[in-house]
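As the structure is a prediction and not an experimental result, all values here were calculated from the model. Computation of the quantities below employed the complete heavy-atom set of this structure, encompassing side-chain atoms and omitting hydrogens, waters and symmetry-equivalent molecules. Letters A, B, ... mirror the listed sequences (proteins, then strands); counts begin at 1.
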Amino acid sequence: MTENMKRPLLAVEDLTLALGLGGEEFNALEHLSFALREGEARGLVGESGSGKSLTLRAILGLLPPNAVVKSGTMTFDGEEFDLARQSNRSERRRIERLRGSGISMIFQEPSVALNPVIPVGEQIVDAVLRRDHMTKKHAREYAIHLMELVGIHDATAKVDAYPFELSGGLKQRVMIAAAVAGKPRLILCDEPTTALDVTVQKQILSVFTHLRDELGAGLLYVTHDLAVVAQLCDSVTVLYSGNVMESSSDLRAVFDHPRHPYTEALLRSTPDVDQIGRRLYSIPGSAPSLDERMVGCPFAPRCEYRQDDCGQQRIPDLSKTPERTVHCLHQVEKRTLDAVLEEETS
Amino acid sequence: MSTDPLLRCSDVVVTFKQKHSKEPFYAVKNASLDVGAGQIVGLVGESGSGKSTLARAVVGLQRVDSGVIAFDAHQLGNRRTREDRQGIQMVFQDPYGSLDPRMSIRATLAEVIRRHTDLRGKGIDKRCLELMDMVRLPGSLLRSRPAGMSGGQRQRVAIARALSINPRLLVADEAVAALDVSVQAGIVNLLSDLRDEAGLSILFISHDLSIIRTLCDRVSVIYRGEIVEERPCADLFANPHSDYTKALLSAIPRLNGPRSEGLGQGQSLRM
């Protein structure tokens with residue numbers, strides 16, 4: 001492993017972001033930090049409203065107009081950016097220059113990300129030409145190759161189609177092809193396979209694995225599907241209501257021995273084909289909306305391990321190991337999740 | 001004594017006209033499917049496989065070209081009577097789109113009760129509370145409108161509405177697909193309790209094999225409009241027969257499964 005591989009490709013430090021709602025501001029992300037090496041895939045998991053998509057948008061400077069970054073810096077490939085100064089034009093330009101061959105993003109909703117009046121092949125060709133110098137004819141052949149790679153069977157026939165002529169699943173795959181066309185160093189994925197069938201999902205995950213292993217790309221993968229994260233990612237950050245609950249550079253450690261009650265609850269509520277006859281755990285209550293957030297651990301009102309001190313202060317990282325972060329006062333004792341699930345099955 | 005299942009579909013065919021061709025498009029081809037009393041039967045397939053079309057045909061929302069749909073040993077036509085409709089009710093995928101935002105939950109439930117039963121006034125109130133209890137929602141929510149409710153709560157209301165006239169079969173079309181995992185688990189448990197406690201039969205349409213495995217007694221796999229395999233759930237997962245089912249099962253992401261592999265031999269992003 002070279003020195004270059006050990007240095008983080010992307011590091012986000014202390015990102016706090018507020019959303020304006022009806023004249024008031026509410027923190028949607030609080031003190032978020034994580035890092036990503038080259039060739040590493042990090043899963044960013046959490047339920048809707050946890051702030052995972054906002055995190056990706058903050059990195060690319062694509063925040064909605066009512067979002068304000070209160071603090072936070074980002075280091076990409078050794079270059080530092082002040083995320084709180086995105087209203088500053090030159091700072092914004094610097095981030096914009098990263099898009100494409102530096103960082104690219106795959107959105108959940110393909111119909112908004114593709115240009116409706118340009119054939120899909122041409123949109124991929126544009127992405128190719130932005131990075132590589134080649135003839136247009138060559139780029140078009142490469143675009144067809146990419147479309148085949150993401151599982152579009154009759155790519156030659158589809159290359160001149162307009163987005164409206166394709167189904168949602170095909171548009172999603174075209175967008176993935178366009179995003180990987182520039183061979184970016186970092187790919188931000190926002191639930192890229194949620195709308196796709198499992199067989200296609202498997203093919204797309206292989207493309208991502210290839211990008212990571214063969215081309216050394218970093219992946220920041222947002223999803224609520226823990227099984228997909230388990231298959232693809234090396235490290236994981238669990239978000240709830242805009243706060244990091246648990247984070248580790250070793251995904252297996254978190255999935256086998258969750259220390260935060262929320263991580264444990266998420267795993268217990270996930271249906272898995274390998275665990276039969278188990279009643280799924282259903283977390284009582286629902287996630288707080290933006291204006292319902294309060295002091296202390298945001299998960300406390302729904303937590304089985306809750307005690308009186310949970311709601312008094314911001315919970316610091318109380319993990320004893322450097323590669324892990326656990327923001328919880330009453331961590332889950334060290335028993336394997338398998339043991340818990342076995343108890344529930346019997 | 002009849003040994004007929006509660007729902008029997010035999011050789012159901014549904015076609016659509018195609019814009020660019022005189023040939024009709026066969027969305028469902030000779031599909032046969034049974035749902036026994038007190039059973040949850042999963043119908044699994046990819047998008048475009050015809051699973052929703054078949055579900056809509058069962059409920060009577062889709063005209064059938066040929067084949068028989070029989071409910072309780074009584075053949076259903078393309079036009080359903082009120083009694084026919086009362087036996088089979090449906091829950092849709094989108095809990096945001098399927099409830100009227102201007103109606104309170106009580107009004108939403110009362111509309112159906114009034115149309116199909118003799119209950120009025122206090123009787124309706126009592127029935128509404130019973131239903132809320134069945135779907136594990138507090139009765140105080142009856143006065144709220146959908147806007148103030150979470151996705152999971154709305155889906156419970158949609159289930160309560162479907163149950164309000166005591167159907168014997170519930171058709172759930174991707175009923176948990178739009179929900180977060182922790183909320184989804186609650187709905188899956190609720191459906192399983194309704195089968196165990198009230199003997200409800202459910203046709204559960206989903207693309208999510210992990211949920212099918214958790215919830216269903218039997219499962220039918222549909223591919224390009226044809227049912228390629230139909231067996232008890234445990235059997236099918238342990239020993240899939242058709243090639244398509246095998247491909248489908250091997251693609252399921254697993255919490256403790258093998259890591260995703262890169263591209264196959266000779267495939268690369270480079271040309």
Which atoms of A:Gln201 are under 4.5 Å from chain B, going by heavy atoms: the side chain, the backbone, both sets, or neither? side chain
Side chain, backbone, both or neither: which part of B:Glu46 has an atom under 4.5 Å from a heavy atom of chain A? both
Can a side-chain donor-acceptor contact be found between B:Ser182 and A:Ser269 if the only test is distance below 3.5 angstrom? no
Establish, from distance only, whether the side-chain atoms of B:Ser47 and A:Asp197 form a donor-acceptor pair under 3.5 Å.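 Present: a donor and an acceptor within the cut-off.
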Nearest heavy-atom pair of B:Pro258 and A:Gln231: which atoms, and what distance? O-NE2, 3.3 Å
Of all heavy-atom pairs between A:Ala227 and B:Pro253, which one has the smallest distance, and what is that distance?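 Looking at all heavy atoms of both residues, the shortest contact is CB-O, 3.5 Å.
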B:Asn189 side chain to A:Leu280 main-chain N or O, any donor-acceptor pair under 3.5 Å?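 Here the side-chain-to-backbone pair exists.
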So A:Leu226 and B:Val181, side chain to side chain contact (heavy atoms under 4.5 Å, CB included) or not? Walk me through it. CA-CA 9 Å; A:Leu226 297 179; B:Val181 273; 5.8 Å; no
Decide if atom [atom1] of [X] counts as having more than 12 heavy atoms of other residues, nucleotides or ligands within a radius under 6.0 Å.
X	atom1	value
B:Arg224	CZ	no
B:Glu261	CD	no
B:Glu23	CD	no

Best-contacting candidate, [options], against chain B by heavy atom pairs under 4.5 angstrom:
options	result
A:Pro284, A:Ala287, A:Cys233, A:Gly285	A:Cys233
A:Ala181, A:Ala265, A:Ala230	A:Ala230
A:Ile283, A:Leu266, A:Val180, A:Leu211	A:Ile283

Sorted by number, residues from [range] in contact with chain A (heavy atoms, under 4.5 Å):
range	answer
residues 145-161 of chain B	B:Ser150
residues 194-203 of chain B	none
residues 205-217 of chain B	B:Leu209, B:Ser210, B:Ile211, B:Arg213, B:Thr214

List the steps, then state whether side chain to side chain contact (heavy atoms under 4.5 Å, CB included) holds for A:Lys202 with B:Leu248. CA-CA 10 Å; A:Lys202 188 179 174 190; B:Leu248 205 58; over 6 Å; no
Is A:Pro271 close to B:Gln184 at the side-chain level, that is, under 4.5 Å between some pair of heavy atoms? yes
So how far is it from B:Ile252 CD1 to A:Thr199 OG1, rounded to the nearest 0.5 Å? 11.0 Å
If you measure from CG on B:Leu263 to OG1 on A:Thr209, what distance do you get to the nearest 0.5 Å?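 So the CG of B:Leu263 and the OG1 of A:Thr209 are separated by 8.0 Å.
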May I ask you to name which of B:Gly262, B:Ser260, B:Gly186 has the most heavy-atom pairs under 4.5 Å with chain A? B:Ser260
Show the numbers, then the answer: is there a side chain to side chain contact (heavy atoms under 4.5 Å, CB included) between A:Arg279 and B:Asp193? CA-CA 11 Å; A:Arg279 191 173 170 84; B:Asp193 290 348; 3.0 Å; yes
Salt bridge flag under 4.0 Å for residues A:Asp213 and B:Arg259: no
With sequence neighbours left out, what residues match B:Arg106 under salt bridge (Lys or Arg N to Asp or Glu O under 4.0 Å)?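 So B:Arg106 forms a salt bridge (Lys or Arg N to Asp or Glu O under 4.0 Å) with B:Asp125.
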